[in-house]
Protein chains: 4
Amino acid sequence: MARLRSPEKRSAILDAAVLEIARDGLGATTARIAERAGVAAGTLFTYFASKEQLLNELYFELKSESYARMSVGFPHKVSLERRAWHIWSSYLDWAIEFPLKRKVSVQLKVSDLVTPETRERANAQGSALKVTIAELEERSIGRGLPAGFAGAAMSAMQDAALEFVSRQPKRRAELVERSFQVIWRALK
Amino acid sequence: MARLRSPEKRSAILDAAVLEIARDGLGATTARIAERAGVAAGTLFTYFASKEQLLNELYFELKSESYARMSVGFPHKVSLERRAWHIWSSYLDWAIEFPLKRKVSVQLKVSDLVTPETRERANAQGSALKVTIAELEERSIGRGLPAGFAGAAMSAMQDAALEFVSRQPKRRAELVERSFQVIWRALK
Amino acid sequence: MARLRSPEKRSAILDAAVLEIARDGLGATTARIAERAGVAAGTLFTYFASKEQLLNELYFELKSESYARMSVGFPHKVSLERRAWHIWSSYLDWAIEFPLKRKVSVQLKVSDLVTPETRERANAQGSALKVTIAELEERSIGRGLPAGFAGAAMSAMQDAALEFVSRQPKRRAELVERSFQVIWRALK
Amino acid sequence: MARLRSPEKRSAILDAAVLEIARDGLGATTARIAERAGVAAGTLFTYFASKEQLLNELYFELKSESYARMSVGFPHKVSLERRAWHIWSSYLDWAIEFPLKRKVSVQLKVSDLVTPETRERANAQGSALKVTIAELEERSIGRGLPAGFAGAAMSAMQDAALEFVSRQPKRRAELVERSFQVIWRALK
DNA sequence: GATGAATGAGGTTTCATTCAT
DNA sequence: TATGAATGAAACCTCATTCAT
């Protein structure tokens, strides 16, 4: 119930959780997570009050991490297409580099263990991208689609693209680009 | 002759599983599933050898059902766009009508409990749609995208669309149509 | 609860029980026994009221069978040593010929599932051998050993001998004879 | 440091197992064993990975204990007969003193739950007795009996003797001695 | 704070037995 | 009588969480 005596230990637990959940699903045990993190079973609970809380924090961290990646070097002053491309490619880079993190992120997203509050906190992280997303949204709305649809569509299409990149890693650069062309044609 | 294994009981168990998994995730207990199905705890195991097998069969059934819905009244001889529209709208109709079934289907898809064999068997069900999908595929391939990408993209975009339909049920018809326009523009 | 519509079926169940118990111990399931016997699970219970009763009857049958083997061709009018040798060798012949039956018989003997009544009924079968045993007993008693000791000692030594015969089947005849010499020297 | 695994608790579980198995056979439940040992059901599994393992360790401990008893005060430098007598009487003392332990030991020996590895480990304990046993063996081998037979014969005869001691406890000392005379006459 | 043994509710699955067919 | 699906108690074992050390 206390907090953060050692940030390294906290990170170790979260990293271990990714590996264990990737292997065993959300049923991954706290005991195994702790063991892989190199801490005792009980220690886990000094950093996270419960397994559910651990899972929520993990979701938040993963989302934060991917948003951070998209924000790095974000080109604020270029054309909408160039900015969309930045989002598209930098997210895919992250997802390709850390496939387990992405896998776990998806599992958590789909599950009911992650609370609405956590989802909201997580989404709030992407502030750097908001202007760009907003511009895309306006176009969508202009076509009668609800707010948020453009972002959801991009995200969905990225999931599809990732499937194929993971099967043909050598065509990675090409696939990332071509798939962007598809979504861009859809949204522009 | 003794009592025969009844298809109704099997269905009751599968239906109950949908409700319980929708509420509790894949951790839903066999005891509760059995109870909701109106059978004894042990009876569940005369119909499904294990919980894992139950889950696999459930995935298969849900996929079959959605494919069946798309196949009903499929217009084999109309334009590609009209056929794509049929698939688009009939799947969304099913998903909107049975939101829990779709939710559970997604949970199962993401999980590792569903074996590759089951996934393959399930996919093999959609034969009626193959010609149409194949035509869409050809276009994708023409643009340097791998086989299967068009189908995956449609499926991903449908997931996105569903989010919004569930939030604004009254705009259902409109949203289904507009979102089709988006994906069609992307793939055509 | 009824009885013996078909003696063949009864035998088939008992035979199947031997095989299953030899493999799985007394925890062998009635379902598997029935299956191996070629009858339905429920049928077993028209021949034996309960698993416990089946086990008791099985013990009785196995004992009867081994006693029967010892009684066949029993030489009533020869020397005590020759009669003891008949008992010794004919029992070992049976045990060597049906190792699973002997194994199961031992498991049952040691267990508490077999009631005193069954044990008594079973022992009562060996009437043909009584005169011989009685003569051996007298000698034992003469030496201050209690009634029954000679029989028990023979039986115990046979168990020991069987271990070795099963490991070196080729020396069977020799081992049977030598071990008899050992016990005979002890009891004569 | 956390609580350490306590040898007392381990012993308590093994002791409880003896009592429960003596009463209910190998089907004795882990829950009851734990309860009688005064620990929670789950605790049993921090000391023994599974019921099967518990049973194997129990067999080993019981064998060790009886070997230990035979080794105490073992007279290495007296005649073979005197040494054999020591083994004979000290084992019977142990078996008479702890009839349930002996009963359970027999049940385990007969069952297939005890692995060959455990049996071997258990037998390896009796090293102090090896010289004596070896001398007895030589005599047996001299008479054409296989190695190990003398030990098996003694053991078998002890089982027989125990039956009678348990029925007539008052004649204990006498029966132990007389039965030794029987086996000694057989083996000398 | 860190540890890991202890807890005990609860999970999946088995199985002897019953009973509708 | 024979069948085998149905039953539900109970078995073994797991695991999130607590707490003595």
Side-chain angles (χ1 to χ4, degrees), chain A residues 1-6 9 24 27-35 38-55, chain B residues 1-6 9-10 24 27-35 38-54, chain C residues 1-6 9 24 27-35 38-55, chain D residues 1-6 9-10 24 27-35 38-54:
Chain A
M1 292 134 200
R3 257 306 129 72
L4 313 178
R5 208 54 181 173
S6 152
K9 234 162 242 184
D24 296 342
T29 70
T30 55
R32 284 260 277 268
I33 292 169
E35 187 187 6
V39 300
T43 302
L44 187 150
F45 292 92
T46 69
Y47 288 86
F48 305 94
S50 68
K51 185 182 178 183
E52 193 176 337
Q53 197 151 115
L54 164 60
L55 262 23
Chain B
M1 337 275 149
R3 244 168 302 180
L4 294 175
R5 235 183 302 185
S6 87
K9 224 160 261 186
R10 200 188 113 96
D24 295 342
T29 70
T30 55
R32 286 260 275 269
I33 292 169
E35 189 185 6
V39 300
T43 301
L44 186 150
F45 293 92
T46 69
Y47 287 86
F48 305 95
S50 66
K51 185 183 178 184
E52 193 176 336
Q53 197 151 114
L54 164 61
Chain C
M1 293 140 198
R3 259 305 128 73
L4 313 178
R5 210 51 182 172
S6 150
K9 233 163 245 185
D24 295 342
T29 69
T30 55
R32 285 259 276 270
I33 292 170
E35 188 187 7
V39 301
T43 301
L44 186 151
F45 291 91
T46 68
Y47 288 85
F48 304 95
S50 67
K51 185 184 178 181
E52 194 176 336
Q53 196 151 115
L54 164 60
L55 261 25
Chain D
M1 333 275 147
R3 243 169 304 182
L4 295 176
R5 235 183 301 186
S6 87
K9 225 160 258 183
R10 199 187 113 97
D24 295 342
T29 70
T30 55
R32 286 258 276 267
I33 292 169
E35 188 186 6
V39 300
T43 301
L44 187 150
F45 294 94
T46 70
Y47 288 85
F48 305 94
S50 67
K51 185 184 178 182
E52 193 176 337
Q53 198 151 115
L54 164 60

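Small disclaimer: the values here were computed from a predicted structure and weren't measured. Hydrogens, waters and symmetry mates are skipped; everything else that's a heavy atom, side chains included, is used.
D:R32 is linked by a salt bridge (charged side-chain N to carboxylate O under 4.0 Å, His left out) to D:E20, D:D24, counting only residues two or more places apart in sequence or in another chain. Every side chain to side chain contact (heavy atoms under 4.5 Å, CB included) that D:F45 has, sequence neighbours left out, goes to D:T30. B:S50 pairs by the side chain to side chain contact (heavy atoms under 4.5 Å, CB included) definition with B:E52, B:Q53, not counting sequence neighbours. The side chain to side chain contact (heavy atoms under 4.5 Å, CB included) check on B:A34 picks up B:V39, B:L44, with sequence neighbours excluded.
The backbone N or O of B:S6 sits less than 3.5 Å from a side-chain atom of B:Y47, completing a donor-acceptor pair. Put simply, the side chain of D:K51 never gets that close to the backbone of D:T29: no donor and acceptor are under 3.5 Å apart.
The nearest whole Å value for the distance from the CZ atom in D:R5 to the P atom in E:dT7 is 14 Å. Nucleotide E:dT17 holds its C1' atom 14 Å from the CD atom of C:Q53, rounded to whole Å. Taking atom CD of D:E35 as the reference point, atom C1' of F:dA11 lies 15 Å away to the nearest angstrom. As a whole-Å value, the separation of D:L4 CG from E:dA6 C1' is 13 Å. The CD1 atom of A:I33 sits 17 Å away from the C1' atom of E:dG4 (whole-angstrom rounding). A:L44 places its CG atom 9 Å from the P atom of F:dA16, with the value rounded to the nearest Å. Following rounding to the nearest Å, C:L54 (CG) and E:dA16 (P) show an atom-to-atom distance of 10 Å.
Under 4.0 angstrom from either OP1 or OP2 of F:dA2 there lies at least one side-chain N or O belonging to C:K9. For the OP1/OP2 pair of E:dA6 and a distance below 4.0 Å, the side-chain nitrogens and oxygens of D:T46 include at least one atom meeting the criterion. For A:Y47 and E:dG1, the shortest distance from a side-chain N or O to OP1 or OP2 is not below 4.0 Å.
If you check F:dT3, E:dT3, F:dT7 against the side chain of A:T43, the one that comes closest is E:dT3.
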- Strand DNA chain F as a dot-bracket string - pairs counted if Watson-Crick or G-U with both distances under 3.5 Å, | where the partner lies in another strand: .||||||||||||||||||||

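Taking CG of D:L54 as the start and CZ of D:R10 as the end, the distance is 9.0 Å to the nearest 0.5 Å.
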Mind listing the N/O atom pairs, protein and nucleotides 11-14 of chain E, below 3.5 Å?
| unit_1 | atom_1 | unit_2 | atom_2 | d |
| --- | --- | --- | --- | --- |
| E:dT12 | OP1 | B:K51 | NZ | 2.9 |
| E:dT12 | OP2 | B:T30 | N | 2.9 |
| E:dT12 | OP2 | B:T30 | OG1 | 3.1 |
| E:dT13 | OP2 | B:K51 | N | 2.8 |

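When all heavy atoms of D:T46 and D:R5 are compared, the closest pair comes out as O-NH1, 2.8 Å.
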